[in-house]
Structure formats: C-alpha cells, structure tokens
Amino acid sequence: MATMESLIVTVNRIQRACTVLGDHGGDTNLPTLWEALPSVVVVGGQSSGKSSVLESIVGRDFLPRGSGIVTRRPLVLQLHKTERGLQEYGEFLHLPKKKFTDFSMVRKEIQDETDRMTGKSKQISPVPIHLSIYSPNVVNLTLIDLPGLTKVAVEGQPESIVQDIEIMVRSYVEKPNCIILAITPANQDIATSDAMKLSREVDPTGERTFGVLTKLDLMDKGTNAIDVLEGRAYPLQHPWVGIVNRSQADIKKNVDMIASRRKEREFFASSPDYGHLASKMGSEYLAKVLSKHLESVIRARLPGITSLINKSIEELEAELSHLGRSVAVDAGAQLYTILELCRAFDRIFKEHLDGGRPGGDRIYEVFDHQLPAALRKLPFDRHLSLQNIRKVVSEADGYQPHLIAPEQGYRRLIDGALNCFRGPAEASVDVHFLLKELVRRSIAETQELKRFPTLQAEIAAAASEALERFREESKKTTLRMVDMESSYLTVDFFRKLPQEVEKGGNPTSSSVDRYAESHFRRIGSNVYSYVGMVSDTLRNTIPKAVVYCQVREAKQSLLDHFYIQLGKKEGKQLAQLLDEDPALMERRQQCVKRLELYKSARDEIDSVLWAR
Ligand SMILES: Nc1nc2c(ncn2[C@@H]2O[C@H](COP(=O)(O)OP(=O)(O)OP(=O)(O)O)[C@@H](O)[C@H]2O)c(=O)[nH]1
C-alpha cells in the first residue's frame with residue numbers, strides 16, 4: 001500500500017494543480033476535483049484562536065494579525081515534512097521558486113496577496129492562496145484556513161461581509177470530504193460557539209468534526225473543561241483536543257513557537273485537572289491525529305476519486321470534441337479551415353439533393369405533380385370556344401375571307417394558346433424556394449459550422465445570391481422554350497390534317513360549310529390537339545431546363561463566387577469570418593484547463609499506486 005506520506009503528498013500536489021488551473025469548486029459548471037479531495041478546514045469565530053492553532057501546528061509565526069477580518073481569502077496551508085537539519089522555508093504557489101526563510105515575510109506576502117485579489121475594499125474572495133511550508137518540525141498535512149465567523153462588520157467592511165463569510169465557510173464544510181477542525185475558546189460558553197453550531201448543522205453525527213478547545217489557561221479559577229474534553233458534554237466521534245496557545249502577552253514578548261509548544265506540554269503535564277489526558281492534548285498531538293486521520297480518509301476515498309477522475313476525463317473529452325478544435329491564427333490555415341467548413345456544408349447540401357437526406361424529392365414532386373396539374377388547368381376551353389374561334393378567325397381574314405384553310409386564324413389561335421404556357425413555365429422556376437430551404441437546412445445540419453455564426457451568415461448570403469442568379473437564368477430559358485414553340489410551328493402536324501376542300505367535292509356546298517359551326521369546331525379541335533402536343537413536349541422539357549439551370553448549377557457551383565471572393569480576402573477579414581462565439585471560446589479554454597488538471601491528477605494517483 002502507498003505510504004501515508006505519499007498519499008497526503010499526492011493529494012497536496014493535486015490540490016496545487018487545482019488552484020493553478022482555476023478549480024476551487026462550484027463557480028463553473030465544470031466537473032470539480034477540488035471538492036472531491038479530502039481536506040482539513042479550520043473553522044471558528046473571531047478571536048477563537050484559529051491562527052494560533054495553525055501557527056502552533058506549524059511551529060512558526062507567519063499569519064497576519066490585526067483587528068477586524070484579517071483572513072479574507074482561504075489559505076491552503078500544505079505542510080511538508082523534511083529531513084532533520086534542513087532549513088525551514090515557505091513557498092507560495094503564485095511565486096514559485098521564491099523561498100521564504102523569513103516567516104515575517106510570509107505574513108507580509110499573505111497580506112499583499114489578499115489585497116491583490118480583493119483590492120483595499122476589504123471584501124472577501126473565494127480564490128485560495130496556496131502556501132507550502134517545508135520543515136522538519138511539521139507532519140504532512142493540509143489545512144485550510146478560512147475567514148473567522150463574525151456577527152458584525154467592522155468599519156470599512158461592507159455589511160454583507162458577515163453573510164458572505166458564512167456562505168464561504170459553509171461551502172467548504174458542507175462537502176462530505178471536508179474534515180472540520182472546529183475551534184472553540186474554553187473561556188466562552190460552548191453552546192454559543194460559532195464553530196460548534198455550524199459543524200452540528202452540517203455534520204450532525206460528528207463523524208467529520210474534530211473539536212478543539214483553546215484558551216484552557218484562561219478559564220476561571222475553579223472551573224475546568226473536563227466534561228467537554230472527555231466527550232461527555234458535547235460528544236463527537238473523535239476525541240476533543242485541548243490546546244494552550246500563546247497569550248497576547250507572550251506574543252508581545254516574542255515568545256517563540258518552540259518555547260510555546262514546550263510551555264503547552266508543561267501546562268498539561270502539570271495540570272491537576274488534565275494531567276491524566278496529557279498525552280492526548282496539545283497542538284503537536286493534534287497535528288499528528290489530523291495527519292493520520294487525513295491519510296485514512298484519503299485512502300478510503302481514493303477509489304472514488306479515481307473513478308471520478310476517469311469519468312470527468314471522458315466527459316471533458318466528449319465536450320471538447322463537440323466544441324471542435326480552436327481556430328488557427330495564420331491566414332493560410334484560416335482559409336483552409338473556411339474551405340473545409342464550406343465543403344462540409346456543400347457535402348450535406350448535395351446529400352439533400354441526391355437523396356442521402358430528405359428534401360430533393362420535393363423538387364421531383366414539382367415536375368411530377370405541380371407542373372402537369374398546372375398545364376392541365378390552363379384555360380384552353382375558354383380560348384378555343386366556338387365563339388372565340390369564330391371571332392379570331394374572322395378577324396384574321398380581314399375584309400377578304402380565307403379561301404382554303406384559315407392560315408392566319410390558325411396561327412393566331414395557336415399563338416394565343418401557347419402564350420398560356422408562360423405561367424406554368426415561370427412557376428416551375430419556383431424550385432428556387434425549395435433549394436433555398438435546403439441551403440438553410442444544410443447550414444443548420446453542418447455541425448462544424450455551429451461555432452461560426454458569421455461564416456454561417458456569409459455562406460447563407462452567398463448561396464442565396466447564387467440561387468437568385470440561377471433562377472433568373474432558368475426563367476429566361478424556360479420562357480424561351482415557350483417562345484420557341486410559338487415562333488416555329490410543327491409543319492408536319494398540319495400537313496397530316498385532312499383537307500376539308502378535298503373531302504367536299506361540291507364547291508358550292510363546301511363554301512357554305514366553311515362558315516358553318518362544324519368548320520369552326522374542326523379548327524378548334526385541330527388547334528386543341530396541336531396545343532396538347534406542345535404541352536406534352538413542355539412537360540418534359542421544362543423540368544430539363546430547370547434542372548439544368550438551377551439544380552445542376554446549385555450542385556456544381558453554388559459557392560463558386562464565394563470562393564473567388566474568399567481568395568481576395570486578407571488575414572483580418574478571414575479571421576472575422578471565423579469569429580467564434582466568445583462564450584464558446586471561453587468554454588473551450590476552461591475545458592482544456594480542467595482536462596489538464598484531471599490528467600495530471602490521474603498521473604499523480606497512478607504514480608503512488610504503482611509505487612506500492
Ligand atoms: N492565553 C491564551 N491566549 C490565547 C490562546 N489562544 C489564542 N489566544 C489569544 O487570543 C487572541 C486571538 O487569537 P487568534 O489566534 O488571533 O484568533 P483567531 O481566531 O485567529 O482570530 P481572528 O483571526 O481575528 O478571527 C490572541 O491574542 C491570542 O494570543 C490560548 O490558548 N491561551
């Protein structure tokens with residue numbers, strides 16, 4: 001099994017990585033590792049002796065002092081035991097490689113670093129300061145010091161600070177992985193202790209709470225805290241630990257921590273009340289108990305943490321692949337990216353037309369249903385009514401009636417009827433709207449494009465402009481086909497018609513026939529069948545023209561113009577086309593950082609497990 005030291009050291013390293021990579025719990029909707037790591041959090045009311053306990057555990061004087069709320073950012077204090085005889089030093093994560101051997105400078109740096117984040121506003125901030133202390137006089141342990149719980153804001157501090165502190169402290173102690181070091185001064189009513197009240201709330205069974213009683217030396221003569229320390233007054237799962245820190249007077253006299261630890265030992269050893277508990281009292285003992293407990297908690301949680309890490313890596317990788325690679329910076333690569341995106345869109349658009357995706361079938365529907373139905377509905381009956389035929393034929397002949405066939409009359413009737421085809425011919429050009437809709441759908445379905453709203457809009461505009469051009473071309477062509485039908489009639493058709501004159505035999509009766517109803521009816525039926533023949537032709541050729549001018553062009557050269565314009569663009573303009581949604585860029589960055597964290601955590605844990 002991994003040694004106690006290596007387990008705590010591993011978690012220490014992961015905690016540092018968390019801070020470096022911005023994981024201090026809860027504030028983003030990213031998976032958090034910080035919250036899963038077991039840690040010891042020091043909680044207590046103002047002046048309860050928190051700083052003194054921490055300094056005593058470390059054996060050094062290094063925490064800021066002063067009136068009001070001094071601790072305004074969490075302080076993650078990682079203690080690393082070094083070999084006997086080595087020099088003690090502190091090191092901040094935000095100042096790597098700078099060794100602080102003068103601990104008064106550590107104090108100053110904590111103050112300065114607090115102000116850097118919170119300004120002089122005396123606000124609090126949840127971003128932790130990381131301090132490592134390397135010393136032969138410590139045990140491997142990580143402690144997190146939080147602002148003291150308070151009831152009133154002091155001058156210069158906003159009213160909200162009281163609540164803000166409580167919210168911050170709660171956010172730590174609520175995590176099931178948090179070991180609570182609840183500090184209560186013995187010279188105060190324990191029932192009103194802020195630390196105990198909070199820990200009771202979040203840890204009612206007392207499993208995670210270590211009760212610490214400070215200021216035992218300051219209790220009124222004749223009273224003692226035996227009931228508490230022996231676990232009767234306020235039972236917890238872990239034994240209470242009593243502490244005697246330096247008094248204000250000791251601090252003034254500069255009594256050093258080593259001397260103060262000795263004084264503390266003597267206090268318990270010589271105390272008539274606590275002598276029998278002496279081996280289980282004092283800050284040194286507390287440090288050892290905490291270190292041991294932290295190690296066992298880490299050991300128990302390790303499998304859970306490992307599976308959380310693996311799960312989160314998977315989630316983050318999936319999200320990153322969904323978000324796509326980050327955008328290239330040089331113009332060449334940007335142009336390449338844009339072309340790739342256009343091609344991805346084009347592929348989907350073609351699939352819609354060719355049938356891999358739905359939509360192309362609606363174009364066929366236009367040709368198969370809409371066009372034939374429109375052709376059928378043309379008002380030829382009205383145009384070729386007996387009355388109209390008589391009118392057109394008579395008018396065409398002028399003052400001199402026709403002799404054999406009413407040539408001009410036929411031509412005018414046919415011309416008029418063929419004119420009707422312009423409507424359906426133009427209407428079938430409306431395939432345009434189907435193509436436009438397919439462009440819209442294809443853009444929406446191109447996953448790669450989702451990140452680039454500007455490029456999406458540009459592609460949509462370019463495609464729409466191209467489709468507009470194709471539509472114009474198609475309209476000209478189909479109308480031209482109708483015009484072609486009227487400009488030269490199929491002579492054969494008329495040659496094959498039976499000649500009325502030849503049939504008659506009697507010239508007198510035939511001249512009478514020529515102006516009779518049956519004569520006009522025959523003309524009507526001839527024109528009708530000629531128009532029917534043309535209609536059949538157009539029903540076949542209009543779709544050919546539409547496909548040729550619009551669908552084929554859309555497939556082959558929808559974005560050709562756009563590509564030419566792209567080639568002329570400069571780096572800056574290309575970059576504008578690829579301006580991603582900033583929220584997305586931010587999210588990608590966060591995911592990348594978090595993934596880095598989880599991967600390094602996985603490596604850390606792997607290395608201790610392999611070292612077994
Ligand atoms: N005599 C005696 N004085 C103590 C003891 N513990 C703390 N003090 C004194 O109590 C005062 C407050 O102690 P701190 O350690 O600063 O308490 P804190 O909880 O960190 O206070 P804030 O950071 O202001 O919230 C100091 O003057 C200490 O010297 C103790 O066990 N005995």
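Order of appearance sets the numbers: ligands from 1, and atoms from 1 within every ligand.
In summary, the atoms of ligand 1 found under 4.0 Å from a heavy atom of V244, numbered by their order in the structure, are 31 (O). Atoms of ligand 1 lying under 4.0 Å from any heavy atom of G45, numbered from 1 in the order shown and given with element: 19 (O). Residue S47 approaches ligand 1 through these ligand atoms, each under 4.0 Å from one of its heavy atoms: 12 (C), 17 (O), 18 (P), 19 (O), 21 (O), 22 (P), 24 (O), 25 (O). The atoms of ligand 1 that sit less than 4.0 Å from any heavy atom of S51 are 15 (O), 18 (P), 20 (O), 23 (O). For ligand 1, the atoms lying closer than 4.0 Å to a non-hydrogen atom of Q46 are 25 (O). Those atoms of ligand 1 that come under 4.0 Å of a heavy atom in S48, given as number and element, are 17 (O), 19 (O).
Between K108 and D112 a salt bridge is recorded (basic side-chain N to carboxylate O distance below 4.0 Å). Salt-bridge check for K288 with E284: failed, with every basic side-chain N at 4.0 Å or more from each acidic carboxylate O. The pair K98-E109 fails the salt-bridge criterion, with no side-chain N (NZ, NE, NH1 or NH2) lying under 4.0 Å from an Asp/Glu carboxylate O. Between R299 and E295 a salt bridge is recorded (basic side-chain N to carboxylate O distance below 4.0 Å).
By the criterion of a heavy-atom distance under 4.0 Å, neither the backbone nor the side chain of I183 is placed next to ligand 1. When non-hydrogen atoms are compared, ligand 1 lies under 4.0 Å from the backbone of N245 as well as from its side chain. Neither the backbone nor the side chain of V53 comes within 4.0 Å of ligand 1, counting heavy atoms alone.
An N or O contact shorter than 3.5 Å links G49 to ligand 1 by distance. Residue D217 has at least one N or O atom closer than 3.5 Å to an N or O atom of ligand 1. Not a single N or O atom of T214, backbone or side chain, sits closer than 3.5 Å to an N or O atom of ligand 1. Considering backbone and side-chain N/O of R246, one or more are found under 3.5 Å from N/O of ligand 1.
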For this session: Dump the intermediate steps for ring pair (Phe, Tyr, Trp, His ring centres under 6.0 Å) on H94 and H130, then the final yes or no.
Result: CA-CA 8 Å; H94 64 271; H130 260 262; 9.8 Å; no

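Within 6.0 Å of atom NE2 in H276, more than 12 heavy atoms from other residues, nucleotides or ligands are found, so the atom counts as buried in its surroundings.
For the ligand labelled ligand 1, residue A249 lies outside the 4.0 Å heavy-atom shell. Ligand 1 is approached by I251 to a heavy-atom distance shorter than 4.0 Å. Under a 4.0 angstrom heavy-atom cut-off, G44 registers as lying outside contact with ligand 1.
Atoms CE and CD, from M257 and E55 in turn, are 6.0 Å apart once rounded to the nearest 0.5 Å.
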Less than 3.5 Å apart, which donor and acceptor atoms pair up between the side chains of residues 572-579 and the rest of the protein, not counting sequence neighbours?
unit_1: Q573; atom_1: OE1; unit_2: E570; atom_2: N; d: 2.8
unit_1: D579; atom_1: OD1; unit_2: T454; atom_2: OG1; d: 2.5
unit_1: D579; atom_1: OD2; unit_2: T454; atom_2: OG1; d: 3.4

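For the pair K280 and Y285, the cation-pi test (distance below 6.0 Å, angle within 45°) is failed.
No close placement of the F100 and Y89 rings is indicated, their centers lying 6.0 Å or farther apart.
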